[in-house]
Amino acid sequence: MAAEGFPSERFPAEGFPPERFPAEGFPLEQGPSGPPDVLVTSRPLDEYCALFDLTRARLAALPGPLLDCPGGAAGLAAEACELGCRVIAVDPAYALPLPVVADRARAAREAMATAMADRPYLYPAPRPHRPERYLRSWDRARRLFAADSAAHPQRYVAAELPRLPFADGTFALTLSGYLLFAYPELFGPEHQLAALTELVRVTSPDGEVRVQPLCDGRGRRCGHLDPLRYALGERRIASEVHRVPLAEDGRTLRVLVLRAADRRRRAAAA
């Protein structure tokens, strides 16, 4: 699936043009020992489309299944099914009983509500509606997740990066949001490299991996992204950073797009 329609930064990336850092962020929930716990969020399909620069038509046209890693308590698998798109969601939280996952999702919803009230500068468009309306979309997604995971448990796999229980090239598109760069206290550079490599492994050579955000919960950019992309290149993984417009005021969201390097050569020869 090609990623078209927005500016990109291809690697090798030397002398990136200066840009205003977009206001990206999300709530952090402190664990009992200090580092933050990974939030179990409940994002709906439309928010996935906005964050990963997708459309319902693109999802419906995928030639194979989509991987959502981590899936959290999102409504993506349930909603995408209505489009004819098969989604497999992966999250270590799925090893827990469903009521526990739902409780963690409700806690994440409250954490988001608090963060939006305390740090509104981190939550600009694409949230054009009042925070209450935005959070109600999470409530609906959480209910869809609960019903779908009970009815179709095969869509929800308990596993975690950097080792996934899938064969090479299983997925036509892989999405990974609010994990690897979001929690630097939990995922250091070596773990990020291993996880990104694994996501590419389970993705079709003709597909791609999209990862966002490229900052932590306070909007601080990953400081070692260039060396990380270089290391991916050594593993024959091509990378680009795409800027996805979020609002008319020029704010953007950066998305890391990964593809097997062989795919780029085939495309150039076509």
Side-chain angles (χ1 to χ4, degrees), residues 1-3 38-106 108-109 112 126-127 133-161 164-179 198-212 244 255 257:
M1 179 174 179
V38 176
L39 294 174
V40 178
T41 57
S42 307
R43 302 180 193 277
L45 183 149
D46 286 341
E47 187 169 2
Y48 271 81
C49 287
L51 293 173
F52 289 100
D53 196 57
L54 297 168
T55 64
R56 289 172 177 256
R58 284 189 177 186
L59 293 177
L62 282 177
L66 181 154
L67 174 63
D68 182 19
C69 180
L76 178 64
E79 294 184 271
C81 180
E82 298 179 359
L83 304 175
C85 174
R86 181 185 172 215
V87 175
I88 299 296
V90 170
D91 200 301
Y94 299 155
L96 302 171
L98 180 55
V100 176
V101 179
D103 286 343
R104 290 186 60 183
R106 281 188 286 269
R109 192 261 196 211
M112 175 60 81
R127 300 172 175 75
R133 182 172 177 180
Y134 169 68
L135 292 170
R136 283 199 297 272
S137 74
W138 278 35
D139 294 336
R140 177 179 178 274
R142 186 178 66 250
R143 291 192 294 269
L144 287 172
F145 160 79
D148 194 63
S149 60
H152 305 283
Q154 71 279 9
R155 296 176 182 168
Y156 301 88
V157 178
E160 69 181 302
L161 291 167
L164 299 177
F166 305 111
D168 295 0
T170 297
F171 300 98
L173 175 65
T174 293
L175 306 178
S176 184
Y178 293 92
L179 182 67
E198 179 72 349
L199 292 174
V200 173
R201 180 189 72 78
V202 302
T203 304
S204 167
D206 292 320
E208 65 186 29
V209 177
R210 298 189 182 192
V211 182
Q212 66 82 32
V244 179
V255 178
V257 179

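What you see below is based on every heavy atom in this structure, not just the backbone, and it leaves out hydrogens, waters and symmetry mates. Residue indices begin at 1 and follow the sequence shown. In this text the structure is predicted, and so the values were computed from the model without any measurement.
Thr41 places none of its side-chain heavy atoms less than 4.5 Å from the side chain of Met112. Considering only heavy atoms from C-beta on, Glu208 comes within 4.5 Å of Leu173 through its side chain. The closest side-chain heavy-atom distance from Pro44 to Trp138 is below 4.5 Å.
Between Phe171 and Phe166, the ring-plane angle classifies as perpendicular under the 30° and 60° cut-offs.
Atom CD of Glu198 sits about 9.5 Å away from atom OG1 of Thr203, to the nearest 0.5 Å. Annotation: the span from Arg142 atom CZ to Leu144 atom CG amounts to 11.0 Å, rounded to 0.5 Å. Once rounded to the nearest 0.5 Å, the distance linking CZ of Arg210 with CG of Leu199 reads 14.0 Å.
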Stepwise, does the side chain to side chain contact (heavy atoms under 4.5 Å, CB included) test hold for Leu98 with Phe145?
-> CA-CA 10 Å; Leu98 180 55; Phe145 160 79; 3.7 Å; yes

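Asp103 has a carboxylate O that lies under 4.0 Å from a charged side-chain N of Arg106, or vice versa, which qualifies the two as a salt bridge.
Between Gln212 and the options Val257, Val255, Leu179, a side chain to side chain contact (heavy atoms under 4.5 Å, CB included) holds for only Val255.
A cation-pi geometry, defined here as NZ or CZ lying under 6.0 Å from the six-membered ring centre and within 45° of its normal, holds between Arg43 and Tyr178.
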Could you tabulate the donor-acceptor pairs under 3.5 Å formed by side-chain atoms of residues 64-92, not counting sequence neighbours?
residue : atom : partner : partner atom : Å
Asp68   : OD1  : Tyr48   : OH           : 3.3
Asp68   : OD2  : Tyr48   : OH           : 2.7
Glu79   : OE1  : Leu45   : N            : 2.8
Glu79   : OE2  : Arg140  : NH1          : 3.3
Asp91   : OD1  : Ala93   : N            : 2.9
Asp91   : OD2  : Gly72   : N            : 2.9

